[in-house]
Undergrad: 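Take a look at the following structure, please.
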Amino acid sequence: MLGFACICNTLKESGRFKAVTVKTLLKLSEEEQEKKLRAAAVDNLYNSLQILKWCKENNILMYRFSSDLIPLATYAAHWHWWEDADIQNMCSKIKDFVQESGIRISLHPDQFCVLNSDKPDVVQNSIKHLEYLNKLSNMLGNQILILHTGSKAGGKQQAMQRFIDNFKLLPKDIQSKLCLENDDKSFGVSDVLYICETLGIPMIFDIHHYNCLNEEENLWDLRQRILDTWKGRRPKMHLSSGKASFTDRHHGDYINDADYESALKFAGEDFDIMLECKQKELALLRIREKYPDRT
DNA sequence: CTCGGTCAAGGATAC
DNA sequence: GTATCCTTGACCGAG
């Protein structure tokens with residue numbers, strides 16, 4: 001099964017999301033602030049639902065929500081977005097649709113969510129961010145939050161231990177949703193597998209990150225260990241192509257055939273594949289056209 | 001209206 | 001310590 005993330009180009013006006021800047025917010029009264037934030041959030045949730053409906057119509061059964069659906073969610077502390085009737089209403093519509101359509105959903109915190117930072121206030125902010133995404137997840141019926149290990153300050157081993165220690169401080173509800181993904185700069189497949197096995201959480205295998213950063217591990221040796229971290233749930237993996245070259249960390253617009261084929265080979269019958277490329281659903285449709293039997 | 005500098009949030013690096 | 005880049009897509013003020 002293939003999926004894509006966030007933006008849907010095809011839907012034009014309802015395929016992307018609104019943001020609110022702090023600068024703008026500070027010019028407004030508290031009442032106007034809430035009005036602006038609510039309007040953007042409701043709009044973003046509505047657009048997410050439109051995208052999900054489009055996915056269903058096009059038989060795309062996996063989608064990752066934008067993590068910015070509720071603008072400035074942890075900034076505007078006076079606004080309890082989760083208690084807002086319009087937002088609750090939109091969320092339950094999405095939750096119902098997800099349930100009846102069977103679309104597999106997930107959420108991916110932004111890069112500033114660094115659970116293993118060596119700075120205590122960054123860890124606290126990261127936990128706040130995870131609490132926001134967890135709350136939203138429960139309202140949307142999402143069970144998967146995908147995180148990177150984070151910083152390697154102080155050395156990789158220490159940084160991995162900080163991740164493990166800080167993970168244990170999280171509420172169980174968040175812990176049960178977290179999955180860890182290998183990245184392209186600091187923590188490779190072996191590192192992330194170690195953490196996942198230690199904590200008993202699923203590992204997201206990102207094949208392009210592996211191509212950019214690896215210890216020449218034999219993927220077939222690691223494959224079963226990755227599968228095992230899912231404990232019977234259906235595993236997911238990520239796929240993208242380098243923009244300028246095979247190991248360019250920048251994501252390309254589309255997926256190269258060779259990259260798709262090697263991902264397919266790795267996935268076999270066992271993994272769902274989330275596409276991470278600039279052209280989002282268009283890349284998925286292009287793959288489907290090229291490989292009609294294998295998507 | 002369009003254009004482009006700017007934007008909550010972190011990290012890594014070079015000096 | 002501080003300056004600067006990385007990196008995303010939308011905001012928003014200038015023209």
Side-chain angles (χ1 to χ4, degrees), chain A residues 4-28 32-33 35-37 39-48 51 64-79 81 107-134 136 145-156 158-160 162-163 166 181 183-188 191 206 208-209 212-213 238 240-244 247-253 275-283:
Chain A
F4 68 97
C6 307
I7 289 171
C8 182
N9 300 294
T10 308
L11 286 179
K12 305 248 181 331
E13 70 279 4
S14 59
R16 45 190 64 235
F17 306 98
K18 289 207 168 81
V20 178
T21 58
V22 168
K23 223 173 169 178
T24 306
L25 210 62
L26 292 178
K27 291 176 193 158
L28 305 173
E32 289 169 325
Q33 288 183 8
K35 199 174 160 199
K36 186 165 184 76
L37 291 168
V42 169
D43 213 53
N44 289 344
L45 289 164
Y46 174 82
N47 288 355
S48 298
I51 294 172
R64 178 202 301 164
F65 288 107
S66 160
S67 61
D68 297 320
L69 292 179
I70 315 291
L72 303 180
T74 60
Y75 180 86
H78 58 85
W79 184 46
W81 57 269
L107 266 166
H108 199 327
D110 272 316
Q111 57 180 16
F112 50 78
C113 182
V114 184
L115 186 60
N116 80 336
S117 174
D118 56 346
K119 302 178 190 72
D121 56 324
V122 174
V123 175
Q124 284 314 307
N125 285 339
S126 300
I127 292 175
K128 267 189 206 160
H129 188 72
L130 287 173
E131 283 169 345
Y132 145 63
L133 287 179
N134 185 53
L136 182 63
L145 293 175
I146 302 168
L147 204 56
H148 289 292
T149 314
S151 158
K152 60 177 177 190
K156 206 162 78 168
Q158 279 190 51
M160 285 164 66
R162 280 202 304 274
F163 185 92
N166 291 345
E181 174 186 351
D183 66 75
D184 53 6
K185 265 170 89 173
S186 306
F187 301 95
D191 303 322
D206 187 308
H208 183 246
H209 290 168
C212 295
L213 175 75
H238 289 173
S240 54
S241 286
K243 188 183 175 111
T247 55
D248 183 352
R249 293 175 42 232
H250 304 277
H251 292 175
D253 287 346
L275 305 182
E276 294 185 315
C277 46
K278 303 287 179 199
Q279 292 303 323
K280 313 291 181 188
E281 89 289 1
L282 300 177

Undergrad: Rounded off to whole Å, could you give me the CG-to-P distance for the A:Leu26 and C:dC11 pair?
TA: 17 Å
Undergrad: Under a 4.0 Å N-O cut-off, is there an ion pair linking A:Lys243 with A:Asp248?
TA: no
Undergrad: Classify the nucleic acid contact of A:Lys278 as base, sugar-phosphate or nothing, counting any heavy atom under 4.0 Å across all strands shown.
TA: sugar-phosphate
Undergrad: What's the closest nucleotide to the side chain of A:Ser151 if the choices are B:dG11, B:dA9, B:dA8?
TA: B:dG11
Undergrad: When the P atoms of B:dA12 and C:dG9 are compared, how many Å lie between them, rounded to an integer?
TA: 23 Å
Undergrad: CD1 of A:Ile70 to OH of A:Tyr132: how many Å apart, nearest 0.5 Å?
TA: 5.5 Å
Undergrad: Round to the nearest Å and state the distance from A:His78 atom NE2 to B:dA8 atom C1'.
TA: 14 Å
Undergrad: Hey, does A:Thr74 reach any base, or is it just sugar-phosphate, or nothing, if we go heavy atoms under 4.0 Å?
TA: base
Undergrad: Is any side-chain nitrogen or oxygen of A:Lys27 closer than 4.0 Å to OP1 or OP2 of C:dG13?
TA: yes
Undergrad: So does A:Arg16 get a side-chain nitrogen or oxygen closer than 4.0 Å to the phosphate oxygens (OP1/OP2) of C:dA10?
TA: yes
Undergrad: Does the distance from a Lys or Arg side-chain N to an Asp or Glu carboxylate O, for A:Arg64 and A:Glu276, drop under 4.0 Å?
TA: yes
Undergrad: Provide the distance between the two P atoms, one in C:dT8 and one in B:dT2, to the nearest whole Å.
TA: 25 Å
Undergrad: Is the distance from OP1 or OP2 of B:dA9 to the nearest side-chain N or O of A:Lys128 less than 4.0 Å?
TA: no
Undergrad: From CD of A:Gln111 over to C1' of B:dA9, roughly how many Å is that when rounded to an integer?
TA: 9 Å
Undergrad: Roughly how many Å is it from CD in A:Gln33 to C1' in C:dC11, rounded to a whole number?
TA: 16 Å
Undergrad: What is the nucleic acid contact for A:Ala73, judged by heavy atoms within less than 4.0 Å: base, sugar-phosphate only, or nothing?
TA: base
Undergrad: Across all strands, who's sitting opposite B:dA12 as a Watson-Crick or G-U wobble pair, both distances under 3.5 Å?
TA: C:dT4
Undergrad: Are the ring of A:Phe112 and the base ring of B:dA9 both nearer than 5.5 Å at their centres and tilted by less than 30°?
TA: yes
Undergrad: Would you call A:Arg162 and A:Asp118 a salt bridge, taking side-chain N to carboxylate O under 4.0 Å as the test?
TA: no
Undergrad: Expressed as a whole number of angstroms, how long is the span from A:Lys119:NZ to B:dA12:P?
TA: 8 Å
Undergrad: Does the structure show a Watson-Crick or G-U wobble partner for C:dG13, both distances under 3.5 Å? Name it, or say none.
TA: B:dC3
Undergrad: Is there a side-chain contact between A:Ser117 and the phosphate of B:dG11, meaning an N or O under 4.0 Å from OP1 or OP2?
TA: yes
Undergrad: Could you check how far NE2 of A:His148 sits from C1' of B:dG11, rounded to whole Å?
TA: 13 Å
Undergrad: Quickly work out the A:Gln124 CD to B:dA9 P distance and round it to whole Å.
TA: 18 Å
Undergrad: Round to a whole Å and report the spacing from NZ of A:Lys23 to C1' of C:dA14.
TA: 12 Å
Undergrad: Looking at every strand, decide which applies to A:Lys18 at a 4.0 Å heavy-atom threshold: base, sugar-phosphate, or nothing.
TA: sugar-phosphate
Undergrad: Considering only atom P, compute the distance from B:dG10 to C:dA10 and round it to an integer number of Å.
TA: 22 Å
Undergrad: Using a distance-only test with no angle check, is there a side-chain donor-acceptor pair under 3.5 angstrom linking A:Ser151 and A:Asn116?
TA: no
Undergrad: Decide ring pair (Phe, Tyr, Trp, His ring centres under 6.0 Å) for A:Phe65 and A:His108; before the verdict, give the C-alpha distance in whole Å, the side-chain angles of both, and the deciding distance to 0.1 Å.
TA: CA-CA 8 Å; A:Phe65 288 107; A:His108 199 327; over 10 Å; no
Undergrad: Does C:dT7 have OP1 or OP2 under 4.0 Å away from a side-chain N or O of A:His250?
TA: yes
